[in-house]
*Asks:* 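A single structure is presented below for examination.
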Protein chains: 2
Amino acid sequence: MDYSLSFKVNEKIYLRDPESTELGKQIVKNAIDLIHTLGFEHFTFKKLAKEMNTTEASIYRYFENKHRMLLYILNWYWSYMEYLVVFQLQPLANSKAKLERLVELLTHPLEESEGQADYNKQFLHQIVITESSKVYLVKEVKEINENAVFKPYKDLCARISELIQSHNPAYEFPHSLSSTLIETAHSQLFFSQHLPKLTDAGKKNKTEFVARYLKDLLFKSLQA
Amino acid sequence: MDYSLSFKVNEKIYLRDPESTELGKQIVKNAIDLIHTLGFEHFTFKKLAKEMNTTEASIYRYFENKHRMLLYILNWYWSYMEYLVVFQLQPLANSKAKLERLVELLTHPLEESEGQADYNKQFLHQIVITESSKVYLVKEVKEINENAVFKPYKDLCARISELIQSHNPAYEFPHSLSSTLIETAHSQLFFSQHLPKLTDAGKKNKTEFVARYLKDLLFKSLQA
DNA sequence: TATTAATAATAGTATTACTATTAATCAAAA
DNA sequence: TTTTGATTAATAGTAATACTATTATTAATA
């Protein structure tokens, strides 16, 4: 198979493809750093422009607003995760091993070696945990969804569904369990970091804890 | 036992107790309606003031900002849910029946008859589904949490934990499963309404679907 | 070299979030 | 009853944010 490791995100998300110019690439790279530092609410195009010595208007030529920029970043992440799910799990022996590896992919930050883009993967993972739900928990979700901009998330969910169904074809809720796995990975990681009383995590090994919890949840759900 | 059905929310959340004046009560009531209509991002104090024929500054005398106002509304909801969990489940025969009723409380909008405040319960439930995660998924979560303003959520979570532990004392993740139940109720209801491909819900009976899914998840997790 | 096209920077505006100050109301003390 | 003090709300702002129209600059092509 011939494939290139670049994830083309839906054209509707940007005004101008950030991958097409050096400035565009720098905007996305610096945006990931700054959203991680400030949080999405405090992140503005003006601050980003100052940070990278360009102008606000130049950034607006690539993205309509910061919400679309976040959506672009998350689309990249979801596409990349789908890629990992497809190609990293394929060689594994059985559906149990595949599902276990899947949980590790969802809970552990991406490794720096994986992928080609020089985005900070640690930061990206933290952004996914803290900010991802903000792209769909909005009044405009219907109009946004019409441009298929959530397709990478749905595709990832569909892939996980396939794994679930191949492990237990009789299971009634493969899609819901998939999205629950993804969302719960995020919420439990966030809670274990910031509101630990909402979890059973200890002071350390929070990632391991969440992985253990999700595996328990997943395999018990899929028991015959 | 002597109790009154008014949920005193943490004083740190407001500048002036909205329950203490007629204007304060009207502000909260109208805020619920307007957040539901506009979504939290588009909701502003200026719009709320115009809606109810008062001034922006008057609202600022009660709440520092709209984030605190949302926190106030959610605290009221979480306290009310804990009340329902304690007093509605208590008469039920066994832990299985209690957990089943719990899932129904989490997934179904509050009934208008329940509680005393004349908040729109349908709107409130929809706000909880769509907006609740926005109060903790922020950079300032640590400072916010220091004032114990998430205590009602943690208390609710602790109550559910007790139910879980009484059903299966050996279960390893009672708190995480509790928060997962709450969060998943919200995310699956949202997805079934707006991004149905992320679920296995059909065109109708979405609430029933989510309840069925959560019960399956819960009881399989708690199997010995 | 002149012309056109692409790109970025300047300089705005409208809205939002928030606050300092002033005005109005009301209750208690003189 | 009037005066004072305290509480409350409204006016009129400011700083920051989100976004855009226009101008300037650079690069490509005729």
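Lettering of chains follows the sequences in order, A, B, ..., and the numbering in each one begins at 1.
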*Asks:* Return the pairing partner of dA30(D) with a 3.5 Å limit on both distances, Watson-Crick or G-U wobble; otherwise return none.
*Replies:*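 By the stated definition (distances under 3.5 Å), dT1(C) pairs with dA30(D).
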*Asks:* Please give, in whole Å, the distance from dA8(C) P to Gln26(A) CD?
*Replies:* 13 Å
*Asks:* Check this for me, if you would: do Glu104(A) and Lys215(A) make a salt bridge, where the nitrogen-to-carboxylate-oxygen distance has to be below 4.0 angstrom?
*Replies:* yes
*Asks:* Suppose we call two aromatic rings close when their centres sit under 6.0 Å apart. Are Tyr136(B) and Phe191(A) close by that rule?
*Replies:*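 Yes; Phe191(A) has its ring centre under 6.0 Å from that of Tyr136(B).
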*Asks:* Mind checking whether Tyr72(A) and Trp76(A) have ring centres under 6.0 Å apart?
*Replies:* no
*Asks:* Near DNA chain C, counting only heavy atoms under 4.0 Å, which residues of residues 36-60 of chain A show up?
*Replies:*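 Nucleic-acid contacts, sorted: Thr54(A), Thr55(A), Ala57(A), Ser58(A).
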*Asks:* Rounded to whole angstrom units, what separation is found between the CD atom of Glu22(B) and the C1' atom of dA9(D)?
*Replies:*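 Those two atoms, CD and C1', are 16 Å apart.
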*Asks:* I need the NE2-P distance between His67(B) and dC18(C), as an integer number of Å.
*Replies:* 11 Å
*Asks:* Are Tyr213(A) and Phe173(B), when compared by the centres of their aromatic rings, separated by less than 6.0 Å?
*Replies:*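 Yes, close enough.
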*Asks:* Report the distance from atom NZ of Lys66(A) to atom P of dC19(D), rounded to the nearest whole Å.
*Replies:* 9 Å
*Asks:* Check whether the ring centres of His194(B) and Phe190(B) lie less than 6.0 Å apart, and answer yes or no.
*Replies:* yes
*Asks:* Using the side-chain contact (heavy atoms from CB on, under 4.5 Å) rule, take Thr21(B) and Tyr62(B) through it: C-alpha gap first, then chi angles, then the decisive distance, then the call.
*Replies:* CA-CA 10 Å; Thr21(B) 68; Tyr62(B) 289 85; 2.6 Å; yes
*Asks:* Please report the distance, rounded to the nearest Å, between CG in Asn65(B) and P in dA16(D).
*Replies:* 17 Å
*Asks:* I want to check one thing: is the phosphate of dA6(C), taken as OP1 and OP2, less than 4.0 Å away from some side-chain N or O of Arg16(A)?
*Replies:* no
*Asks:* Distance check: side-chain N/O of Arg61(A) vs OP1/OP2 of dT7(C), anything under 4.0 Å?
*Replies:* no
*Asks:* Please report the distance, rounded to the nearest Å, between CG in Leu15(B) and P in dA9(D).
*Replies:* 13 Å
*Asks:* Measure from CZ on Phe63(A) to P on dA8(C) and round the result to the nearest Å.
*Replies:*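 After rounding, the reported distance stands at 13 Å.
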*Asks:* Can we say Glu41(A) and Lys66(A) salt-bridge, meaning some charged N sits less than 4.0 Å from an Asp/Glu carboxylate O?
*Replies:* no
*Asks:* Mind calculating the distance between CD1 (Ile27(A)) and C1' (dA8(C)) to the nearest angstrom?
*Replies:* 11 Å
